[in-house]
Q: 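My questions all concern the structure below.
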Amino acid sequence: MVDQKKIEDAVRLLLEGIGENVDREGLRETPGRIARMYEQIFAGMEEDAAVHLSKTFAVASNEIVLVKDITFYSMCEHHLMPFYGKAHIAYLPDGKVVGLSKLARTVEVYARRPQIQEQMTIQIVEAVMEHLKPQGVMVMLEAEHMCMTMRGVEKPGSRTVTMASRGCFQNDSKLQALFFQMLGDSKIQNEESV
């Protein structure tokens with residue numbers, strides 16, 4: 001649970017540390033606003049993906065399911081700066097599927113924590129594999145990191161892509177190619193055909 005008082009005290013210290021007057025009009029309510037914002041941004045700390053992935057539905061056929069372009073916002077645990085982008089999740093069912101919105105909610109569970117993109121990708125693929133028990137899963141995240149675009153090397157527009165797969169997606173190049181084809185990534189499709 002978020003300790004709002006600790007966050008407010010920390011924000012006051014931070015503002016003082018950068019030389020600001022915490023009592024000036026524009027900053028007086030900032031510590032409280034940030035505490036409330038952090039309660040929302042880090043709501044995933046107390047959530048479990050199993051809650052979202054536990055209700056499944058039987059299916060007669062086991063064809064690939066892909067939910068793409070799931071928008072997410074997260075906070076880099078190294079600098080506490082945002083990174084944001086899209087998640088793409090594909091799985092090959094084994095007799096049962098989950099409601100499509102539940103995959104988006106699973107992404108949110110892990111995005112709403114201090115996080116690194118590489119770990120978030122693995123957490124999502126493993127949660128889907130563990131709770132849905134499909135034949136296989138493939139997850140790809142594409143994100144822009146403010147810690148890289150706003151500070152440091154300052155390269156706006158740079159995107160980081162991470163991928164993880166389990167089960168039948170791990171070693172089946174045809175399934176992997178189908179995943180990219182369904183995403184509509186022409187560059188990857190062209191590389192596959194060379």
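Everything numeric here is computed off the predicted structure, so don't read it as measured data.
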Q: Met120 and Val107: side chain to side chain contact (heavy atoms under 4.5 Å, CB included), yes or no, with the steps?
A: CA-CA 8 Å; Met120 184 175 149; Val107 170; 4.0 Å; yes
Q: Given 3.5 Å as the limit, does a donor-acceptor pair link the side chain of Arg159 with the main chain of Glu144, or not?
A: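 No, the answer is negative, given that no donor and acceptor are paired below the 3.5 Å cut-off.
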Q: Check this for me: Lys96, atom NZ, are more than 12 non-hydrogen atoms of other residues, nucleotides or ligands nearer than 6.0 Å?
A: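 Correct, the count exceeds 12.
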Q: Distance check, rounded to the nearest 0.5 Å: Glu126 atom CD versus Met129 atom CE?
A: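 CE of Met129 is found 10.0 Å from CD of Glu126.
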Q: So, taking the atom named CD1 in Ile64 and the one named CZ in Phe169, what distance separates them when rounded to the nearest 0.5 Å?
A: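 The distance works out to 3.5 Å.
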Q: Check whether more than 12 heavy atoms from other residues, nucleotides or ligands sit under 6.0 Å from atom CD of Glu29, and answer yes or no.
A: no
Q: Hey, what do you get for OG1 (Thr106) to CD (Gln123), rounding to the nearest 0.5 Å?
A: 11.5 Å
Q: How far apart are the closest heavy atoms of Pro114 and Glu77, and which atoms are they?
A: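 Smallest heavy-atom distance, with atoms named: O-OE1, 3.5 Å.
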Q: Is it true that a side-chain atom of Lys68 and a backbone atom of Met182 form a donor plus acceptor pair closer than 3.5 Å?
A: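 Such a contact is found between Lys68 side chain and Met182 backbone.
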Q: Is any side-chain N of the basic residue among Asp9 and Arg12 closer than 4.0 Å to the acidic one's carboxylate O?
A: yes
Q: Main chain of Glu130, side chain of Lys133: is a donor-acceptor contact present, judged purely on distance under 3.5 Å?
A: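 Side chain of Lys133 to backbone of Glu130: a pair is present.
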Q: Are Val125 and Met140 in one and the same hydrophobic cluster, where Ile, Leu, Val, Met, Phe, Trp and Tyr link if side-chain heavy atoms are under 4.5 Å apart?
A: no
Q: Between Ala49 and Val109, what is the shortest heavy-atom contact and its length?
A: N-CG1, 4.0 Å
Q: For Arg33, is the CZ atom crowded, meaning more than 12 foreign heavy atoms sit under 6.0 Å from it?
A: yes
Q: Say whether, by atom type as modelled, one donor and one acceptor occur between the side chain of Arg113 and the main chain of Gly44 under 3.5 angstrom.
A: yes
Q: Go through Leu141 and Ile124 one step at a time and tell me if the side chain to side chain contact (heavy atoms under 4.5 Å, CB included) criterion holds.
A: CA-CA 10 Å; Leu141 302 184; Ile124 294 167; 4.3 Å; yes
Q: Test Phe72 against Glu108 for side chain to side chain contact (heavy atoms under 4.5 Å, CB included), laying out the working first.
A: CA-CA 7 Å; Phe72 70 87; Glu108 277 196 2; over 6 Å; no
Q: With a 6.0 Å cut-off (strictly less than), is the heavy-atom count around CE of Met37, excluding the residue itself, greater than 12?
A: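 It does: Met37 CE has more than 12 such atoms within range.
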Q: Examine distances only and state if a side-chain atom of Ser74 and a backbone atom of Ala111 form a donor-acceptor pair shorter than 3.5 Å.
A: yes
Q: To the nearest 0.5 Å, tell me how far Met75 CE sits from Tyr38 OH.
A: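 Atom-to-atom, Met75:CE and Tyr38:OH are 4.5 Å apart.
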Q: Starting at CD1 of Ile116, measure out to CZ of Phe83 and round the result to the nearest 0.5 Å.
A: 8.5 Å
Q: Apply side chain to side chain contact (heavy atoms under 4.5 Å, CB included) to Asn21 and Leu27, showing your working.
A: CA-CA 8 Å; Asn21 173 5; Leu27 292 178; 5.9 Å; no
Q: Could you pull out the closest heavy-atom pair between Val139 and Val137, with the gap in Å?
A: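 What the structure gives for the nearest pair is CG2-CG1, 4.0 Å.
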Q: With rounding to the nearest 0.5 angstrom, report the CD1 to CD1 distance, Ile89 to Ile70.
A: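 Here the rounded value is 4.0 Å.
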Q: Going by the side-chain hydrogen bond (donor to acceptor under 3.5 Å, both in side chains) test, name the single residue among Lys86, Gln117, His88 that passes it with Glu142.
A: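 Among the candidates, only His88 passes.
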